[in-house]
Amino acid sequence: MTRAQILAWQDDPGSGLKPLERPVPTLKRRQFPLEIQWPKPAPPPDDYRLESAAFRYWTAAEALRRAADFWASIVPKSTTWWLGGTLPAVLDAGRDLNASYNRGALWFFHQRVAGSTIYSGESPDILCHELGHAVLDAVKPQLFHTASLEVAAFHEAFGDISAILSALQLRPVRQAVIAETGGRYQSSQVSRLAEQMGAAVRKLRPDAAEGDCLRNAVNSLIYRAPIDLPPWGPASSLSSEPHSLSRVFTAGFFEALCLMVTYRGTTLTQADLLCGSRQAARLLIAAVTGSAVTVRFFAEVATNMVAAARAMDKAYPALLRSAFVRRGILSIERHQTRRPEPRLGLVTLDTGEYGLVDTPIVVQAAGTAQDAHAFLRWLISRGSLEVDDRKFPGLPVHPHTVKSHRLAELEGRLVLERILFDCGFHAAG
Ligand SMILES: [Zn+2]
């Protein structure tokens with residue numbers, strides 16, 4: 001007899017929240033259909049023991065379906081995955097401390113760290129983060145190839161926000177976070193992302209993750225333009241590395257959500273929090289859809305969230321502004337006259353200074369050539385550009401880093417294109 005329920009993590013395996021029984025998820029729904037490409041076939045639904053592959057299968061299926069259903073209820077009904085049809089997920093693509101989205105599938109891995117094996121495809125935080133990349137790519141496909149550190153950071157922030165909002169769709173998670181924080185902007189199971197992966201990363205590289213998780217949406221980081229930031233740094237400081245910079249937008253968004261659900265001063269209920277999570281998601285999607293792709297993409301989206309909030313609740317615009325001003329994402333002036341920023345377009349970069357061949361590189365830039373240069377230099381210095389060293393012998397090559405970009409030859413020119421969003425945990429490379 002097939003069971004109607006499975007056992008699944010309600011939040012990250014390291015969050016302290018116990019697994020709970022959930023209805024068996026149907027992966028192939030009409031909007032945002034999913035399939036688990038590996039392992040196949042699916043184990044029969046049941047309450048499996050926690051360390052088993054069958055448990056990991058069902059907890060992944062449950063988290064991915066929950067996140068996809070959540071976003072399907074927020075985005076326009078006509079929205080499809082970028083690749084159209086069904087989005088595959090590969091729950092264990094081999095040995096790595098990583099997860100990624102490459103437009104063809106969501107990819108998860110496993111690695112043994114200090115005596116225990118970590119599966120990135122077991123954590124709802126990581127699963128819902130990767131699914132967030134796919135949702136944002138469905139809603140705003142022009143971000144994928146854009147050669148801009150801030151745009152890349154926004155994609156990472158959206159992934160983390162997807163993890164937070166998907167967790168809040170579970171009533172026990174809402175009850176736990178209310179019991180812990182009352183809805184105030186304080187660290188909780190929900191704000192702490194990928195606790196188990198964070199612990200594994202700290203064992204390999206102690207400064208690459210925060211003290212109690214991988215990234216925390218409750219932090220004290222303030223926006224600075226990525227061009228003014230170091231290319232990389234410890235988790236305690238801000239760098240232009242997209243996961244690092246993403247924490248500023250995630251924090252602004254999460255504080256805005258906290259203010260939206262607490263400003264009335266009444267005791268927060270789990271129903272209020274559910275409503276607030278859906279409202280915040282609707283504002284975010286409306287803002288992203290209407291935003292021009294510029295080098296100040298954080299400010300662009302934040303401004304549009306504030307504008308969209310007027311029609312929702314007359315108190316919200318001031319609350320959202322406050323959260324984003326505190327982060328330095330929006331300016332303090334009430335009637336800020338914003339210079340029109342240059343928009344998305346193709347820019348040809350002369351890259352002789354990097355020791356590349358004389359062929360110029362064409363990139364999809366969010367604005368200025370200076371910003372696109374910064375992005376390309378960052379890719380090369382981090383070892384994230386796939387390079388044929390016979391053709392480009394002058395470029396540094398790192399054998400262990402994941403390559404997120406490559407140079408494609410097109411009609412005698414080189415075009416920079418993204419291969420994947422590497423959500424890597426920076427412990428290996
Ligand atoms: Zn990511």
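Hydrogens, waters and symmetry mates play no part in the numbers below; they use all other heavy atoms, side chains included. Order of appearance sets the numbers: ligands from 1, and atoms from 1 within every ligand. Since the model is a prediction, treat every value here as computed from it, not as a measurement.
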Which side-chain N or O atoms in residues 169-179 pair as donor and acceptor under 3.5 Å with protein atoms at least two apart or in another chain?
from: Gln169; atom 1: NE2; to: Leu165; atom 2: O; distance (Å): 2.8
from: Gln169; atom 1: NE2; to: Ser277; atom 2: OG; distance (Å): 3.1
from: Arg174; atom 1: NE; to: Gln270; atom 2: O; distance (Å): 3.1
from: Arg174; atom 1: NE; to: Gln270; atom 2: OE1; distance (Å): 2.9
from: Arg174; atom 1: NH1; to: Leu168; atom 2: O; distance (Å): 2.8
from: Arg174; atom 1: NH1; to: Gln169; atom 2: O; distance (Å): 3.2
from: Arg174; atom 1: NH2; to: Gln270; atom 2: OE1; distance (Å): 2.6

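The count of protein N, O or S atoms under 2.8 Å from the Zn ion (ligand 1) stands at 4, with waters excluded from the count.
Using a 4.0 Å cut-off between a side-chain N of Lys or Arg and a carboxylate O of Asp or Glu, Arg296 and Glu300 do not qualify as a salt bridge. Salt bridge annotation for Glu195-Arg215: absent, with no cationic side-chain nitrogen under 4.0 angstrom from a carboxylate oxygen.
Judged as a side-chain hydrogen bond (donor to acceptor under 3.5 Å, both in side chains), and not counting sequence neighbours, the contacts of Asn219 are Arg327. In this view, Glu130 satisfies the side-chain hydrogen bond (donor to acceptor under 3.5 Å, both in side chains) rule with no residue, not counting sequence neighbours.
In this pair, Phe249 and Phe154 present their aromatic rings perpendicular. The plane angle is above 60°, beyond the 30 to 60° band.
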